There are 2 protein chains.
Amino acid sequence: MAERRKAFPTTEELRIWRDFIETTEALRSELASRLQSESSLSPSDYAVLLTLREAEGRSLRPSELAARIGWQRSRLSHQIGRMERRGLVRREECATDSRGAEVVLTSDGAEAFRDASLPHLRAVHELFVNPLTPGQLAAAEEITTALRTGLKAPRDT
Amino acid sequence: MAERRKAFPTTEELRIWRDFIETTEALRSELASRLQSESSLSPSDYAVLLTLREAEGRSLRPSELAARIGWQRSRLSHQIGRMERRGLVRREECATDSRGAEVVLTSDGAEAFRDASLPHLRAVHELFVNPLTPGQLAAAEEITTALRTGLKAPRDT
DNA sequence: CCCATATGATTGACGCGTCAACAAAGGAAG
DNA sequence: CTTCCTTTGTTGACGCGTCAATCATATGGG
């Protein structure tokens with residue numbers, strides 16, 4: 001007689017799930033709020049600036065930028081629009097492909113990133129690294145891996 | 001000589017952090033997407049319906065509802081507005097306090113919740129409970145607790 | 001060369017969340 | 001009763017994200 005696969009969480013598992021998701025959510029939100037108040041950047045702004053800063057010539061094609069951050073092009077386009085209005089970034093035409101564009105980091109953008117960087121790292125340390133024991137940190141890594149695997153498999157059952 | 005407290009994450013810790021936050025984010029987003037496609041409800045809709053369903057008389061004052069879910073009143077107000085337009089919920093005047101209102105679950109709302117419930121639980125099981133070993137699940141709970149403690153303390157150091 | 005289609009990028013509509021401002025009513029103190 | 005403060009709830013503006021539609025340019029097949 002084959003073992004029947006369980007399909008639903010128990011009450012206990014459900015409680016753990018809710019606590020887990022609410023806590024990570026609160027963590028994200030606290031990080032975002034600190035980043036915002038310390039440097040007027042959103043996490044999305046930060047991700048874009050970070051990626052551009054590490055790119056050849058401090059500029060990238062939108063598609064490439066989106067791919068590196070793991071966003072859809074549409075999301076990036078909106079984001080760049082907002083950042084351009086604030087002068088963090090500039091759009092230029094692409095020489096080799098007339099459809100294309102080039103997103104360039106401005107000096108204001110680079111400066112904003114520099115200012116945000118240390119406070120941001122400090123916050124990560126204070127809110128994530130510090131509260132966890134080394135063992136818990138390692139466990140967090142394992143859990144991440146396991147969950148990612150579960151996400152990649154759009155499996156039935 | 002007192003030990004100097006570390007202030008910043010190492011490269012390794014930073015990598016774990018990024019993986020962790022990205023994965024939980026992807027998890028949230030996948031859950032939301034399934035809920036949406038299976039029942040046309042957002043996680044926020046679901047939370048409101050769930051809370052109302054368990055409430056005395058299937059209705060609550062907005063403040064109380066917001067408190068139970070852990071939201072700000074403003075957020076709830078917007079949410080209720082959208083849900084009211086879709087007929088999931090109804091606003092009534094409050095008898096005992098003329099400032100106040102009462103949010104009432106409609107039968108459409110109750111039905112939508114019933115339809116969403118099982119698929120949602122199945123998704124939680126498939127994406128969270130199933131990929132983790134029992135030990136990892138327990139570890140997740142510990143980590144949640146530790147992180148929550150870190151969040152509650154707006155401490156220096 | 002010409003058409004079909006693929007690719008790069010943007011746009012608009014809409015849901016979601018935060019913040020700050022506000023209106024309206026309750027309640028306590030004089 | 002009047003004044004002041006609190007509580008309840010809503011609103012508007014704006015950033016953020018997704019989805020579907022759109023447009024222009026590349027590109028490969030005839």
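What you see is a predicted model; the values in this text were computed from it and never measured. Labels below follow one simple rule: chain letters A, B, ... track the order of the sequence lines, proteins then strands, and each chain is numbered from 1.
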Next item on the list: Show which residues join B:Val103 in its hydrophobic cluster (side-chain heavy-atom contacts under 4.5 Å, direct or indirect), or state none.
Entry: B:Leu35, B:Leu41, B:Tyr46, B:Val48, B:Leu49, B:Leu50, B:Leu52, B:Leu60, B:Leu65, B:Ile69, B:Trp71, B:Leu76, B:Ile80, B:Met83, B:Leu88, B:Val89, B:Leu105, B:Phe113
Notebook entry, point to check: What pairs with A:Thr96 under side chain to side chain contact (heavy atoms under 4.5 Å, CB included), at least two apart in sequence or on another chain?
Noted result: A:Arg61, A:Cys94
Check: Listed by chain and number, what are the side chain to side chain contact (heavy atoms under 4.5 Å, CB included) partners of B:Ser98, not counting sequence neighbours?
Finding: none
Rounded interatomic separation in angstrom, taking [atom1] from [X] and [atom2] from [N]:
X: B:Arg28; N: D:dT18; atom1: CZ; atom2: C1'; result: 13 Å
X: B:Glu93; N: D:dT10; atom1: CD; atom2: P; result: 11 Å
X: B:Asp97; N: C:dA23; atom1: CG; atom2: P; result: 19 Å
X: A:Glu84; N: C:dA9; atom1: CD; atom2: C1'; result: 13 Å
X: A:Ile80; N: C:dA9; atom1: CD1; atom2: P; result: 11 Å
X: A:Arg91; N: C:dG8; atom1: CZ; atom2: C1'; result: 12 Å
X: B:Ile69; N: C:dT18; atom1: CD1; atom2: P; result: 13 Å

Next item on the list: Kindly state which residues belonging to residues 59-66 of chain A come within less than 4.0 angstrom of DNA chain C, counting heavy atoms of the residue only, listed by number.
Entry: A:Arg61, A:Pro62, A:Ser63
Item checked: Side-chain H-bond candidate by donor/acceptor type, A:Gln72 with A:Arg75, under 3.5 Å -> no
Regarding [X] and [Y], does a basic nitrogen lie under 4.0 Å from an acidic carboxylate oxygen?
X: B:Lys6; Y: B:Glu13; answer: yes
X: B:Arg68; Y: B:Glu64; answer: yes
X: A:Glu92; Y: A:Arg90; answer: yes

Pairwise N/O distances under 3.5 Å, protein to nucleotides 5-7 of chain C:
residue	atom	partner	partner atom	Å
C:dT7	O2	A:Arg99	NH1	2.8

Notebook entry, point to check: Base, sugar-phosphate alone, or nothing: which one does A:Ser77 contact when heavy atoms must sit under 4.0 Å apart?
Noted result: base
Notebook entry, point to check: Are OP1 or OP2 of D:dA26 and a side-chain N or O of A:Ser98 less than 4.0 angstrom apart?
Noted result: yes
Notebook entry, point to check: Any side-chain N or O of A:Gln72 under 4.0 Å from OP1/OP2 of D:dG17?
Noted result: no
Item checked: Non-hydrogen atoms of A:Val129 and B:Pro9 that approach each other most closely -> CG2-CB, 4.1 Å
Next item on the list: For DNA chain D, find the residues of residues 105-115 of chain A with a heavy-atom distance under 4.0 Å and give them by number; none if there aren't any.
Entry: none
Next item on the list: Would you please classify the geometry between the A:Phe20 ring and the B:Phe20 ring as parallel, tilted or perpendicular, with 30° and 60° separating the classes?
Entry: perpendicular
Are [X] and [Y] packed together at the side-chain level, in the sense that at least one heavy-atom pair is separated by less than 4.5 angstrom?
X: B:Leu14; Y: A:Leu121; answer: yes
X: B:Phe8; Y: A:Val124; answer: no
X: A:Arg73; Y: A:Ser63; answer: yes

Output side-chain donor-acceptor pairs under 3.5 Å for residues 139-147 of chain B, partner residues at least two apart or in another chain, one line each.
residue	atom	partner	partner atom	Å
B:Glu141	OE2	A:Arg15	NH1	3.3
B:Glu141	OE2	A:Arg15	NH2	2.8
B:Glu142	OE1	A:Gln136	NE2	3.3
B:Thr144	OG1	B:Ala140	O	2.8
B:Thr145	OG1	B:Glu141	O	3.0

Checklist line | Terminal axes of the helix from C:dC1-D:dG30 to C:dG30-D:dC1 (five pairs each): angle between them, nearest 10 degrees | finding: 10°
N/O to N/O distances under 3.5 Å, protein versus nucleotides 12-16 of chain D:
residue	atom	partner	partner atom	Å
D:dG12	O6	B:His78	NE2	2.8
D:dC16	OP1	A:Ser42	OG	2.5
D:dC16	OP2	A:Arg82	NE	2.6

Note to self: Under the rule for side-chain hydrogen bond (donor to acceptor under 3.5 Å, both in side chains), what residues qualify as partners of B:Thr51, not counting sequence neighbours?
What the structure shows: none
Check: Quick one: side-chain hydrogen bond (donor to acceptor under 3.5 Å, both in side chains) pairs with a partner in residues 100-121 of chain B, sequence neighbours left out?
Finding: B:Ser59-B:Glu102
Please report, to 0.1 Å, the donor-acceptor pairs under 3.5 Å made by any side chain of residues 25-33 of chain B, with sequence neighbours excluded.
residue	atom	partner	partner atom	Å
B:Glu25	OE1	A:Arg28	NE	3.4
B:Arg28	NE	A:Glu25	OE1	3.4
B:Glu30	OE2	B:Arg34	NE	2.9
B:Glu30	OE2	B:Arg34	NH2	3.4

